[in-house]
2 protein chains.
Amino acid sequence: MLKKLENSKEACDIHHRAIRDTMDILSGKWKLQIVGSLSLGKKHFGGLMAHIDGIGAKMLSKELQDLELNGLVKRTVYNTKPITVEYELTSYGNSLQPLVDEIVAWGMQHRRKLRDKD
Amino acid sequence: MLKKLENSKEACDIHHRAIRDTMDILSGKWKLQIVGSLSLGKKHFGGLMAHIDGIGAKMLSKELQDLELNGLVKRTVYNTKPITVEYELTSYGNSLQPLVDEIVAWGMQHRRKLRDKD
DNA sequence: CGGCATCCTCGTAGATACTG
DNA sequence: CAGTATCTACGAGGATGCCG
């Protein structure tokens, strides 16, 4: 463990680049909510629409494509009568779970904090 | 532990609200990088500018104000010859550390993954 | 049902110049 | 050094309508 250069300029850059990488993929208003939603189980397009309150079809479609491109989400089309499409997290998408958990945990704790103060 | 309604509509809403709350506070291109930067120690305005590659004075200023409003960052002005200002994480700001760690960890793992694939 | 095309709006963010 | 002011551009994101 010769990690003695932790505070070097280089280490900081790696640090920041990692933050940037993650945020590039999860940026925007909706991606994390979509991931959070799918982490509870696969869903249809319409199901996601209903579940994510506020999102429009265009946004959802676009965000899902982004997530699919990054290998986080798998898209499956079924040739049912009116076509249906199912989205689910890939195993890679599931690797975001601890991250999502932290975000949820912090958000809940934050809301509690605000209530106590006001 | 009667958390048996985990999958209820209500629980989902709380879930999503928490994600939304957190992202509202950490949204934007820079906030997480600023937090990450300050988590390594207090810094001057100029220090942050230099450390965060790419950010402009206006953005940095605005983002810092946001973070201060949310109680994540403490701003201290020193009446030195040319005025200097120091920024540091509050204890509340430090509560984001595990979150930031997860983001960094995932970002680094993601970059590794991409390298292996290409 | 899923989702693309079009149009439009508004916020975000950059460049530059200026102040205390 | 640490901002603020102004001006501008771009793109995220919403509304609507059409298509497989």
Side-chain angles (χ1 to χ4, degrees), chain A residues 16 19-38 41-70 72-90, chain B residues 16-17 19-38 41-70 72-89:
Chain A
H16 283 117
I19 293 181
R20 202 62 177 264
D21 286 347
T22 304
M23 294 328 273
D24 281 351
I25 289 171
L26 299 178
S27 67
K29 217 164 154 184
W30 305 110
K31 294 218 182 64
L32 270 167
Q33 284 189 77
I34 294 172
V35 171
S37 209
L38 289 177
K42 56 176 66 171
K43 287 191 179 59
H44 294 175
F45 189 87
L48 280 169
M49 278 279 275
H51 194 242
I52 298 194
D53 194 70
I55 195 169
K58 188 183 109 180
M59 273 305 110
L60 180 54
S61 174
K62 210 203 76 171
E63 302 291 69
L64 283 169
Q65 281 177 45
D66 288 348
L67 293 172
E68 195 189 358
L69 271 178
N70 285 310
L72 300 174
V73 162
K74 178 163 146 244
R75 182 173 179 271
T76 314
V77 182
Y78 293 95
N79 285 327
T80 49
K81 176 54 206 321
I83 198 173
T84 56
V85 183
E86 242 178 27
Y87 292 92
E88 61 189 309
L89 288 186
T90 61
Chain B
H16 283 117
R17 188 151 19 91
I19 293 180
R20 201 61 176 267
D21 286 347
T22 305
M23 293 328 273
D24 280 352
I25 289 171
L26 298 178
S27 68
K29 218 163 153 184
W30 305 110
K31 294 218 180 67
L32 270 167
Q33 283 187 78
I34 293 172
V35 171
S37 208
L38 289 177
K42 55 177 65 172
K43 286 192 178 57
H44 294 176
F45 188 87
L48 280 170
M49 279 276 275
H51 193 241
I52 296 194
D53 195 69
I55 196 169
K58 188 180 111 182
M59 272 305 108
L60 181 53
S61 174
K62 208 204 77 172
E63 301 292 69
L64 283 169
Q65 283 175 45
D66 288 349
L67 293 172
E68 196 189 357
L69 270 178
N70 285 310
L72 300 173
V73 162
K74 179 164 144 241
R75 182 173 179 271
T76 314
V77 182
Y78 294 95
N79 284 328
T80 48
K81 178 52 209 324
I83 197 174
T84 56
V85 182
E86 242 178 27
Y87 291 93
E88 62 189 308
L89 288 185

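Protein chains get the first letters and strands the later ones, always in sequence-line order, with residue 1 at the start of each.
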[X] side chain near [N] phosphate (N/O to OP1/OP2, under 4.0 Å):
{"X": "B:Y87", "N": "D:dG3", "result": "yes"}
{"X": "B:K29", "N": "C:dG14", "result": "yes"}
{"X": "B:S61", "N": "D:dT4", "result": "yes"}
{"X": "B:Q65", "N": "D:dT4", "result": "yes"}

Check: Crowded around B:D24 CG? As in, over 12 foreign heavy atoms under 6.0 Å?
Finding: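 Correct, the count exceeds 12.
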Taking the side chain of [X] as heavy atoms from C-beta outward, which of [options] is closest to it?
{"X": "B:T84", "options": "C:dG2, D:dC1, D:dG13", "result": "D:dC1"}
{"X": "B:F45", "options": "D:dA2, C:dC1, C:dG3", "result": "D:dA2"}
{"X": "A:E63", "options": "C:dA13, D:dG13, D:dA2", "result": "D:dG13"}
{"X": "B:W30", "options": "D:dA2, C:dG2, C:dG14", "result": "C:dG14"}

When all nucleic acid strands are considered with a 4.0 Å heavy-atom cut-off, which category describes [X]: base, sugar-phosphate, or nothing?
{"X": "B:K81", "value": "nothing"}
{"X": "A:Y78", "value": "nothing"}
{"X": "B:K58", "value": "base"}
{"X": "B:G56", "value": "nothing"}

Check: Starting at the 5' end of DNA chain D and moving along, which residue's nearest nucleotide shows up first, A:G28 or A:I83?
Finding: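 Checking each residue's closest nucleotide, the 5'-ward one belongs to A:G28.
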Roughly how many Å is it from [atom1] in [X] to [atom2] in [N], rounded to a whole number?
{"X": "A:E86", "N": "C:dG2", "atom1": "CD", "atom2": "P", "value": "10 Å"}
{"X": "B:M49", "N": "D:dT4", "atom1": "CE", "atom2": "P", "value": "13 Å"}
{"X": "A:L60", "N": "D:dG13", "atom1": "CG", "atom2": "P", "value": "13 Å"}
{"X": "A:I55", "N": "D:dA15", "atom1": "CD1", "atom2": "C1'", "value": "15 Å"}
{"X": "B:D66", "N": "C:dG11", "atom1": "CG", "atom2": "P", "value": "15 Å"}
{"X": "B:K62", "N": "D:dT6", "atom1": "NZ", "atom2": "P", "value": "17 Å"}
{"X": "A:E68", "N": "C:dC4", "atom1": "CD", "atom2": "P", "value": "10 Å"}
{"X": "B:M59", "N": "D:dA5", "atom1": "CE", "atom2": "P", "value": "14 Å"}

Nearest atoms (heavy-atom pairs only) where [X] meets [Y]:
{"X": "A:V35", "Y": "A:L89", "value": "O-CD1, 3.9 Å"}
{"X": "A:L60", "Y": "A:F45", "value": "CD2-O, 3.7 Å"}
{"X": "A:Y78", "Y": "A:I83", "value": "O-CG1, 3.4 Å"}

Margin query: Check the orientation of B:H16 and A:H51. Use parallel for under 30°, tilted for 30 to 60°, and perpendicular for over 60°.
Written below: perpendicular
Next item on the list: For the pair B:K31 (side chain) and B:S27 (backbone), establish whether a donor and an acceptor sit closer than 3.5 Å, ignoring hydrogens and angles.
Entry: yes
